*Asks:* 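Pasting in a structure now, in structure tokens, and then I'll have a few things to ask.
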Amino acid sequence: MALLDSDAYWQPGLETQSRAAWRQLQLDLLRDHLRHAYDGSPYYRAAFDAAGVSPDQLRNLDDLRRFPFLDKGVIRDRQQAAPPFGDLVAVPERDIVYISASSGSTGAPTASPFTAGDFDDWIDYEARQFWSSGLRPTDRYAHALNFSLFVGGPCVLGAQKLGALSIHAGTLPSERLLAVLRQFQATAIWTTPSYAWHLGETAQKEGIDPKRDLAVRRLFVAGEPGGSIPETRARIEALWGAEVYDYYGLSDVFGSCAGMCVEKDGLHWAEDHILVEVLDPETREPVAEGERGELVLTTLRKRARPIIRFRTGDIVSVTTEPCRCGRTSLRLTGVHGRLDDMLIIKGVNLFPSDVEAVVRQDAALTGEYRLVVERIDHLDRLTIEVEHAHGFNGHPSDLRDRLRRQVKAATGVGAEVALLAPDTLPRAVHKAKRVDDRRAHVWS
């Protein structure tokens with residue numbers, strides 16, 4: 001799509017339409033999409049028949065709740081049962097032009113196939129999202145995400161589509177990436193929150209001041225909740241002297257599915273591509289707007305492999321209130337963690353992001369942390385490992401006590417605090433592992 005006449009929006013009519021218009025668009029797309037899934041995918045035909053539902057029974061968006069759920073285990077099992085792509089695929093292989101694959105961190109890698117139309121839709125949305133975050137044709141954009149089957153790799157083409165000079169950096173060693181940023185004076189970069197932090201620290205150790213010696217003024221981050229935690233975002237922004245924008249995506253759909261506009265008040269969702277439900281993980285009923293629940297996604301256009309009611313395992317909150325930017329799409333107001341990251345400590349649910357919000361606001365700490373869970377005398381004990389900042393000259397016991405009080409006040413969880421020297425905890429170059437669960441059996 002060519003750039004439209006408004007400098008604020010990539011597609012003004014779509015991005016600023018009423019909520020009623022969004023819902024009607026989704027209903028029209030969903031009717032066709034369910035029929036395509038049923039007619040083209042052996043899995044969906046069998047699953048819908050077993051649940052006693054038919055695409056013809058969809059009269060409104062609430063009717064989608066009658067259709068069965070999907071999860072990562074089903075996708076993986078069906079791929080193994082009908083290799084190489086599984087029987088959720090609803091097009092012949094000759095129509096598939098690209099696949100990404102999951103990292104395999106929670107099991108065997110699974111492929112995500114795309115038709116040419118799917119791929120074009122994805123890249124156009126990435127351009128729309130970059131545009132909403134302030135990226136322009138005058139920018140030099142460095143894409144520092146993994147290109148090896150990772151669904152975030154091709155998102156760089158969205159930056160190219162809007163006209164930005166694009167540097168396909170990938171996962172270079174930190175020192176080499178800093179040299180590239182410096183040589184080409186890149187004005188924007190995309191990576192994970194943990195790596196943005198690590199890269200900034202590495203720059204300082206190399207005698208490079210990110211604020212003075214580099215031209216980066218926009219950092220797009222994804223892959224972890226940190227970008228949606230104000231305290232974490234503020235610390236990264238202070239380190240770089242740049243604006244941080246959080247993005248959210250998953251390989252089972254496409255790259256980034258939601259992202260912050262320049263107002264940075266939640267993440268705008270790709271509602272013309274994906275229908276969002278936020279459900280109570282136990283009852284599977286919708287939660288009230290603004291409440292935390294599991295994110296469940298249904299694609300609306302993806303022809304190669306439709307995704308119907310996919311339980312992501314991600315815990316989020318959303319709002320449909322219009323944004324100050326003028327966009328009317330649903331926004332993620334919090335990406336709080338994953339169901340499998342959630343800890344239950346003495347009956348209290350706790351996500352790493354809850355602790356991160358406390359740790360990252362204390363200037364006496366480096367901001368790195370790890371949660372260690374052990375079972376002592378049949379009771380779970382949480383220890384928060386943190387590092388004191390370089391040059392810290394206060395009393396360690398005072399700092400430990402302060403952090404313990406702050407975590408207790410913020411989360412209701414009592415925890416021990418282990419204060420470590422700077423650079424003790426491992427730095428992540430991709431997704432940080434924040435929980436070290438040393439219990440032999442978590443749920444017993």
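In this text the structure is predicted, and so the values were computed from the model without any measurement. Index from 1, following the sequence.
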*Asks:* Take D354 and R292 through the test salt bridge (Lys or Arg N to Asp or Glu O under 4.0 Å) and record every step on the way to the result.
*Replies:* CA-CA 13 Å; D354 295 325; R292 294 185 181 190; 3.4 Å; yes
*Asks:* Looking at R65 and E285, does any basic side-chain N land under 4.0 Å from a carboxylate oxygen?
*Replies:*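 Salt bridge: yes.
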*Asks:* Would you please indicate if the ring centroids of F130 and W10 are separated by under 6.0 Å?
*Replies:*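 Not close enough - the centres of the two rings lie 6.0 Å or further apart.
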*Asks:* Could you check whether the rings of W122 and F119 sit parallel, tilted or perpendicular, using 30° and 60° as the cut-offs?
*Replies:*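 The rings of W122 and F119 stand perpendicular, inter-plane angle above 60°.
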*Asks:* Please enumerate all residues that pass salt bridge (Lys or Arg N to Asp or Glu O under 4.0 Å) together with R23, with sequence neighbours excluded.
*Replies:* none
*Asks:* Could you pull out all residues at least two apart from T138 that satisfy side-chain hydrogen bond (donor to acceptor under 3.5 Å, both in side chains)?
*Replies:* none
*Asks:* Could you work out, with salt bridge (Lys or Arg N to Asp or Glu O under 4.0 Å) as the rule, every residue matching D272, not counting sequence neighbours?
*Replies:* R128
*Asks:* Does either side chain, that of D118 or that of Y98, offer a donor lying less than 3.5 Å from an acceptor on the other one?
*Replies:*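 No - no donor-acceptor pair under 3.5 Å links their side chains.
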*Asks:* Would E294 and R284 satisfy salt bridge (Lys or Arg N to Asp or Glu O under 4.0 Å), going step by step from the backbone distance to the final call?
*Replies:* CA-CA 9 Å; E294 183 182 6; R284 300 186 181 182; over 6 Å; no
*Asks:* Does the side chain of T110 pick up a donor-acceptor pair with the side chain of Q79 at under 3.5 Å?
*Replies:*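 Checked: T110/Q79 side chains show no N/O donor-acceptor pair below 3.5 Å.
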*Asks:* With side chain to side chain donor-acceptor pair (under 3.5 Å) as the rule and sequence neighbours excluded, what pairs involving residues 401-418 come up?
*Replies:*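 Checked against side chain to side chain donor-acceptor pair (under 3.5 Å) - neighbours excluded - the pairs reaching residues 401-418 are D362-R402, D401-R404.
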*Asks:* A142: what forms a side-chain contact (heavy atoms from CB on, under 4.5 Å) with it, not counting sequence neighbours?
*Replies:*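 side-chain contact (heavy atoms from CB on, under 4.5 Å) list for A142, sorted by chain: I167, L181, A186, I189.
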*Asks:* Using the test side-chain hydrogen bond (donor to acceptor under 3.5 Å, both in side chains), find all partners of D436 that sit at least two apart in sequence or belong to another chain.
*Replies:* R438
*Asks:* Is D265 paired with R324 through a side-chain N to carboxylate O contact shorter than 4.0 Å?
*Replies:*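 Looking at R324 and D265, the cut-off is met.
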*Asks:* Using a 6.0 Å distance limit plus a 45 degree cone around the ring axis, check whether R309 lies over the aromatic ring of F69.
*Replies:*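 Yes - R309 lies over the ring of F69, closer than 6.0 Å to its centre and within 45° of its axis.
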*Asks:* Are Y9 and W131, when compared by the centres of their aromatic rings, separated by less than 6.0 Å?
*Replies:*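 Centroid separation for Y9 and W131: 6.0 Å or greater.
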*Asks:* Verify whether one side chain among E289 and T319 offers a donor that lies under 3.5 Å from an acceptor in the other.
*Replies:*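 Short answer, yes.
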*Asks:* List for me each residue that meets salt bridge (Lys or Arg N to Asp or Glu O under 4.0 Å) alongside E15, sequence neighbours excluded, and say none if there are none.
*Replies:* R327
*Asks:* Can you list everything that forms a side-chain contact (heavy atoms from CB on, under 4.5 Å) with D423? Sequence neighbours excluded, please.
*Replies:* K205, H390, R427
*Asks:* Can you check whether Y141 and W190 have ring centres sitting under 6.0 Å from each other?
*Replies:* no
*Asks:* When rounded to the nearest 0.5 angstrom, what is the spacing between CG in L199 and CH2 in W240?
*Replies:* 4.0 Å
*Asks:* Salt-bridge test for R305 and D252: reply yes if a basic N is under 4.0 Å from a carboxylate O, no otherwise.
*Replies:*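 Yes, R305 and D252 are salt-bridged.
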*Asks:* Drop me the distance from D121's CG to E126's CD, to the nearest 0.5 angstrom.
*Replies:*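 Between atom CG of D121 and atom CD of E126 there are 11.5 Å.
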*Asks:* Determine, for E243 against R233, whether the closest basic-nitrogen to carboxylate-oxygen distance falls under 4.0 angstrom.
*Replies:*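 Between R233 and E243 there is no salt bridge, as every charged N stays at least 4.0 Å from the carboxylate O atoms.
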*Asks:* Check the side chains of Y195 and S174 for a donor-acceptor pair under 3.5 angstrom, ignoring hydrogens and angles.
*Replies:* yes
*Asks:* When V151 is tested against each of S100, S256, S112 for side-chain contact (heavy atoms from CB on, under 4.5 Å), which residue passes?
*Replies:*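 Result for side-chain contact (heavy atoms from CB on, under 4.5 Å) with V151: S100.
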*Asks:* Give a yes or no on whether a salt bridge exists between E368 and R434, defined as a side-chain N under 4.0 angstrom from a carboxylate O.
*Replies:*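 Salt bridge: yes.
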*Asks:* Among all residues two or more places apart in sequence or in another chain, which pass the side-chain hydrogen bond (donor to acceptor under 3.5 Å, both in side chains) test with E282?
*Replies:*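 Partners of E282 under the side-chain hydrogen bond (donor to acceptor under 3.5 Å, both in side chains) test: none.
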*Asks:* State which residues pass ring pair (Phe, Tyr, Trp, His ring centres under 6.0 Å) with F67; sequence neighbours excluded, sorted by chain then number.
*Replies:*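 Partners of F67 by the ring pair (Phe, Tyr, Trp, His ring centres under 6.0 Å) criterion, ordered by chain and then number, come out as F48.
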*Asks:* Sequence neighbours excluded, which residues qualify as side-chain hydrogen bond (donor to acceptor under 3.5 Å, both in side chains) partners of T299?
*Replies:* H33
*Asks:* Return yes if a side-chain donor-acceptor contact under 3.5 Å exists between T187 and R140, otherwise no.
*Replies:*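 Side chains of T187 and R140: no pair found under 3.5 Å.
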*Asks:* Among residues two or more places apart or on two chains, list those pairs meeting ring pair (Phe, Tyr, Trp, His ring centres under 6.0 Å) that have a residue in residues 156-188.
*Replies:* F147-H168
*Asks:* Is E385 salt-bridged to R370, going by a charged N under 4.0 Å from an acidic O?
*Replies:*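 Looking at E385 and R370, the cut-off is met.
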